[in-house]
Every structure is written in structure tokens, then in C-alpha cells.
Amino acid sequence: MTIDFLNKKIEKSINDLYNVDIPSNFCQIIKTKSDFEGDFTLIIFPFLSFSKTDLLTTANEIANILKDFDEIDSFNIVKGFLNLNLSDGFLSNLFKTAVESKNYGFLSSKSNSETTLVEFSSPNTNKPLHLGHIRNNLIGFAISNIFKACGHNVKMVQVINDRGIHICKSMLAWLKYGNGKTPASEKVKGDFFVGQYYILFEKKLKEEINKIGDKNIIPNILIEAQEMLVKWENKDPKIIKLWNMMNNWVYEGMDITYKKLGIVFDKNYYESDTYLDGKRIVNEFLDKNIFFSKEDNSVWVDLSKYNLDEKLLLRSDGTAVYMTQDIGTAFSRYKDFNFDNMIYVTGNEQNYHFQTLFKILEKLSCQWAKKCFHLSYGMVDLPTGKMKSREGTVVDADDLIDKMRNESFNLIKKSNKFDDFNDEEIKDLSNIVGDGALKYFILKVDSKKSIMFNPEDSIDFNGNTAPFIQYTYARINSVLSKKKDFKNCYNSFEEMGSVEKALIKIIIEFPNCIKQCKESLNPAFLANYIYHLAKTYNKFYQKVPILDGSRNENFRLTISKKVSLVIKNGMRLLGIDVPNRM
RNA sequence: GGCCCUGUAGCUCAACUGGAUAGAGUACCUGACUACGGAUCAGGCGGUUGAAGGUUCGAAUCCUUUCAGGGUCACCA
């Protein structure tokens, strides 16, 4: 519970009472558990050392002062817990402020706002996006929106891994076995088309290894790929042309997927550019003896005194590795944006990598190194084990999105509630519902935890889901459409009902909820908040007649309207749409 | 093996970062529509928070030990 000024007021009263400066973390105010009566609860235990008396006496001493506050109506004491009831008048005021504030919960960015870069997605250009990328994209997009809502000037960026041996593999396979086929000639989406050749390469490689039967002999096809990488680095025109063509196929395919996900980046960085920056920087600091080289000319950084080992930065043949590229990218970004924060959204398999990267940046005296954060999320696993694109055991992003949309379509088709909808309208609605179900399913889980995804029965349309929330929104919308012009009203003419009170208390938490998501780098908190709000509203809807012509009608309409706005704007932060009807 | 993360109802997840009798959904069993929209609501069943110690008024949360699962320790990305 965070009503800042009330917290401060209480804190001050207690300070005065005991005539000491009580550390602010001693004043713990929490929401009252639903089993007890009260709106919020002050925990008494910490004050015992100042009151020098027993628990009950202390609680009463404090309660006696607080009960005279206008904001507080009544209290009760249970053990070391002082439960306080807010007065209806005070709640009304808070509610009024919330309703009347423009862009409630959202701070707008100003010229002196912090600039925050969020890096996410960052795909390889040799295969389509899969379920793991979906989680990455959803978290990255949501956290970007959340930082925006906190007034940051946010830039969404990615680095596209468009070069390297893995890219050459799909290129080589296409050259050898493609027979000039193209995505257009085969009517296959470009990223899937290229992905097929990546898998084909791995298959041929495996066949050749089996045929050779000697681990020490490098298969020809792999040597060819390595040769191709060297040609690429030497800018062989034929190879560059092929590379451009195939990468473009992939980009065309990915554009469609990003469009489905509703994601647009502010700036793309390409590894094919930044790896050169990285090499330059590494060599520069090699000269300054920050890095060192070994006999074979490979370049290393020694981080062993930070518990992080030695790390390779340039291969003995002078070519770049992943880390090299990431150093170059980071420098470019700082030059481009002079950011205050940079957040990398990647799977937790890269925890060690980012620890190392940040430490290296520190060693390079980048004062911005401590402004870099790693939002590390858990892997998405299938019942059959880990997803491996090399083996083709992945859930493709497009397939999954389409499956959800279709399921939603069928659900709507057979409900006969939408007889006045044409197929186009049904399709639009099923996209909103299907996409929502998928996105919410992933975002409601604490980002650092891994997700077990069972393709058969993972995603539900009932319970703690987006469709449940969307339905609540649509139903409020329906009520509101029956009474278009009502006058805002912030108080009940009788004592406020418990559900109305509960709703108002949730509504006034919205800004704080967003802040918490930002601080913990975890959108799941918002997802669960919205669910809780929707659930409480449904209870209200069932229990309390809204349009009953009574003098409380406007109060209930005002609550309904505000709930719908919080739902809509909260879901928007998560990248989820809400329909006017469903 | 070293380091990191995770173990909560049959299953999927919460628990406002140390607060009260650990809550939701789902599944299963009841009950509620001549409707402001039933993709809803109300009730029941379901727990030694992996285990054992410790810290304190108070532990799912912090510390130690231990068990289980995952990740990582590449001249892969």
C-alpha cells in the first residue's frame, strides 16, 4: 500500500510520539489480509524498542493518534498488527484524483528525462523466430513500454546476428542443393525458406561425419563453410551478393512476424558492422595493455581476479567472436544515444556472458558500464526437452500465433453471439483474443523463471488469461454504451460497499504497480495486477446492479469506466489489445 | 567438479521483496441465468512451501548444510 503522503504523516506522528528519529524502514505499512478487517495495516513490532512497553500498549498509543486523522475512520488491533480503515471521504478523494488525472499512471518524457535503451529480440538471420524469441520480444516490448510509462525516453534496439559461420552454413546448403529455388518460387516465407537450408546443412554434415567415422578429420562441407566465411570477410562480391539476397529473404519473413507481434524497433544494429568496431576497440586496448595476447596471437582479457576467468576476444586468426561484436555494439550505442541505462533482454544461458561484458566495459573505463543491466529470463522448454533449432525441434513463432488465432476463430464462430459480424470482423477479433491469450500466458510468469510449454494444452481461454480480462473489458464497455453521458461521481450516498472500496484501492495502486515492474524489471507483476482488478470487477458486476436508476448509479459508472481504462492501458503496456465486444 | 538460477495444491502460477490462518487458475464435485453480456459468479475438495538446522517478536522469502532439476564454464552465438 503506497499512499505516500499518508505514510509520511504516520511516520511523523510516531516520531513525535516517541520523540526519536525512527528509521523509515521501521514504518511498515502493508495491505490488510482479506481475513481481517481493515484497509491497511501498520506493523507494530518495530516500535517496541522505542515505546519500551508491551505490544498492545504500543499499538493503542499509536492508534490513539492515528484515529484522529481525517483519512482514518476506525481501527482494530490484532496481536502486533494495527489495522486501519480508511474513511470513505479520503478514498473518494483518492479516487477522484485518479479519475481526473490525465494519462493516469503514465508519466510523459521531458527533455531532461533519462534515456533508456532496451535491446531485445536480436535474431540470427539463418532461421525464423521461435517460441523463445516470442518470450524475448514480449518481455522486451513490455519493459520498454513500462519504462516509457515511467517517463523515460526509451529506444528499442536490437543487434542482428547477420554474419558468421552459422549464416554461411545456410548459404552453402542453398548453393549446393537449392537449384536456384527462391521463397517466391516455392511460396514459402523467406525466413522459413532459409531455415530449411540451415537444417539441411546440419543433416548433410552429420551424414558426412558418419561416413568418415573419424573425429579428427574435418568434413569437407564444414571446410567449405569456413572458406566461405573467409571469402565473406574479404568481401568476395559473389558471396556478398548471395549473403545480401538470403538475408533479405529472412528480413522479409521476419517483418511479417514482427508485424503480427506488433513490434517495431527504433534502431537496428548489424553485427556485420559492429564486429569491425569491436575488433578496432580490442586492438586499441591491447596496445594499452588492458588486454593481452598469447603466443598464437589470440587476444584475451584476464578477469580471474573477479572470479570470471580469462576470456577470448579475438581468435588467433584475428577474427572476431561474439564478445568482440558486443563490445563494438555497446560503444556504438553509447555514441549514438548517450544513454542513461541500457537493458539487455536475453535468456539466462547468457548470464555469464553479460557479467563478463559489463566487467570488460568497466576495465575499458566506460563510466557507463554500471548503467548496463541484464534482464535475464528463463528458458522456454517443451515436454520433449529443450528446443534446438539445429535439430528442428522448435515451436515456430508464426505457427504458434496462427494456431492461437485459429482456435480463437473457431471459438467465436460457434458461439452465435456474433451473428452480425462478417468474417473480416470475426478475424480481427480472433486475432486480438488469440494474440492476447498467447502474450498473457507468457508475460504473467515471473520473467526469471523458466516456462514449461506444452503445445497440446498450454494456452487456455478461461481463468487467469487475457480472454478473461478482455471479456471483462468488453462487458464494461457494453454497460457504458447503455449510458453514454453520465456525470462523474466519486462517492457513494450510503456507506461504500466492500467491493467498491476494493476496486478503488486497486485502482489507486496502478501507478505504483508500473513503478514496481520497472524496478524489478518484471512485467509479470502488472499482468497479475490487471487480472486481480478484472476478477474483482467481475465480482462487483455480479453482486451490485450498476444501472438500477438509483442515486449511486453514477458512482458505479465512474468506477466501471475507470476500471476499463486501467485494464485497457495496463494491457497496452503489455502489448495486448482489448476488444470493444467479444 | 567451480560458479549461477529454480524447487510452493494433481497440473499452471501468486504471495506487494521479512509480516497475521501461504492465495488464484485449472482439474474434480455442488449451486446461481424471464440477463447492466454465463468466455461470468458463489461454495467444496486440495499444502509439513524438496529436506534438516539456524538468525528473530515473525521465514516460502535471509544464512548454513543437504537433495532434485536447469544453465554455464567454447578460438559457438
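Chain letters run A, B, ... following the sequence lines, proteins first and then strands; every chain starts at 1.
- Judged by atom type and distance alone, A/N83 reaches the base of B/rA20 through a side-chain donor-acceptor pair under 3.5 Å.
- A/M582 comes within 4.0 angstrom of a base, heavy atoms only.
- Atom name P, nucleotides B/rG53 and B/rU61: the rounded distance is 14 Å, in whole Å.
- Side-chain proximity of A/Y471 to B/rG19, B/rC36, B/rA39: nearest is B/rA39.
- Among the protein residues, A/K483 comes within range of no part of the nucleic acid, since none of its heavy atoms lies under 4.0 Å from any strand.
- Counting non-hydrogen atoms under 4.0 angstrom, A/L411 reaches a base of the nucleic acid.
- Nucleic acid contact class of A/D548 (heavy atoms, under 4.0 Å, all strands): none.
- For B/rU21, the OP1/OP2 oxygens have a side-chain nitrogen or oxygen of A/K79 closer than 4.0 Å.
- The residue from A/D191, A/D162, A/N161, A/N247 that alone fulfils the side-chain hydrogen bond (donor to acceptor under 3.5 Å, both in side chains) condition with A/T125 is A/N247.
- Heavy-atom distances to RNA chain B give each of A/D317 and A/R581 a nearest nucleotide, and the one nearer the 5′ end belongs to A/R581.
- A/S520 comes within contact range of at least one nucleobase, with a heavy-atom separation under 4.0 Å.
- Within 4.0 Å of A/E271, counting heavy atoms only, lie sugar-phosphate atoms of the nucleic acid but no base atom.
- At a threshold of 4.0 angstrom between heavy atoms, the contacts of A/D309 are confined to the sugar-phosphate backbone, with no base atom among them.
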Side-chain donor-acceptor contacts of residues 513-521 of chain A below 3.5 Å, not counting sequence neighbours, with atom names and distances?
unit_1, atom_1, unit_2, atom_2, d
A/S520, OG, A/Q516, O, 2.7

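- For A/K482, whose side chain is taken as the heavy atoms from C-beta onward, the closest listed nucleotide among B/rG7, B/rC16, B/rC36 is B/rC36.
- A distance of about 28 Å separates the P atoms of B/rG71 and B/rA52, rounded to the whole Å.
- Among the atoms of the strands shown, only primed sugar atoms or phosphate atoms (P, OP1, OP2) are found under 4.0 Å from some heavy atom of A/K448.
- Candidate nucleotides B/rU72, B/rU21, B/rC76 were compared by shortest atom distance to the side chain of A/Y352, and B/rU72 ranks first.
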For this session: For A/D460 and A/T465, run side-chain hydrogen bond (donor to acceptor under 3.5 Å, both in side chains): C-alpha distance rounded to whole Å, both residues' side-chain angles, the deciding distance at 0.1 Å, then the answer.
Result: CA-CA 7 Å; A/D460 219 328; A/T465 64; over 6 Å; no

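- With hydrogens and angles left out, the side-chain atoms of A/T58 and A/T53 include no donor and acceptor closer than 3.5 Å.
- Pairing of B/rG47, defined by two Watson-Crick or G-U wobble distances under 3.5 Å, is not identified with any nucleotide.
- As judged by a 4.0 angstrom heavy-atom cut-off over every strand, A/V299 is placed among residues making no nucleic acid contact.
- Among the heavy atoms of the strands lying under 4.0 Å from A/Q28 is at least one base atom, whether or not backbone atoms are also near.
- Within 3.5 Å, a donor on the side chain of A/T41 pairs with an acceptor on the base of B/rA20, or the reverse.
- At a threshold of 4.0 angstrom between heavy atoms, the contacts of A/F45 include nucleobase atoms, whether or not backbone atoms are also involved.
- The C1' atoms of B/rA60 and B/rU8 are separated by 7 Å, rounded to the nearest whole Å.
- If A/K444 and A/Y541 are placed on RNA chain B by their nearest nucleotide, the residue sitting closer to the 5' end is A/K444.
- The residue A/F36 sits close to a base: some heavy atom pair falls under 4.0 Å.
- When heavy atoms are screened at a 4.0 angstrom cut-off, A/D446 is found touching the sugar-phosphate backbone but no base atom.
- No side-chain donor-acceptor contact under 3.5 Å links A/N552 and A/S550.
- Judged by distance alone, the side chains of A/N83 and A/E37 never bring a donor and an acceptor atom under 3.5 Å apart.
- B/rU66 adopts an anti glycosidic conformation, its chi angle falling more than 90° from 0.
- A/I412 comes within contact range of at least one nucleobase, with a heavy-atom separation under 4.0 Å.
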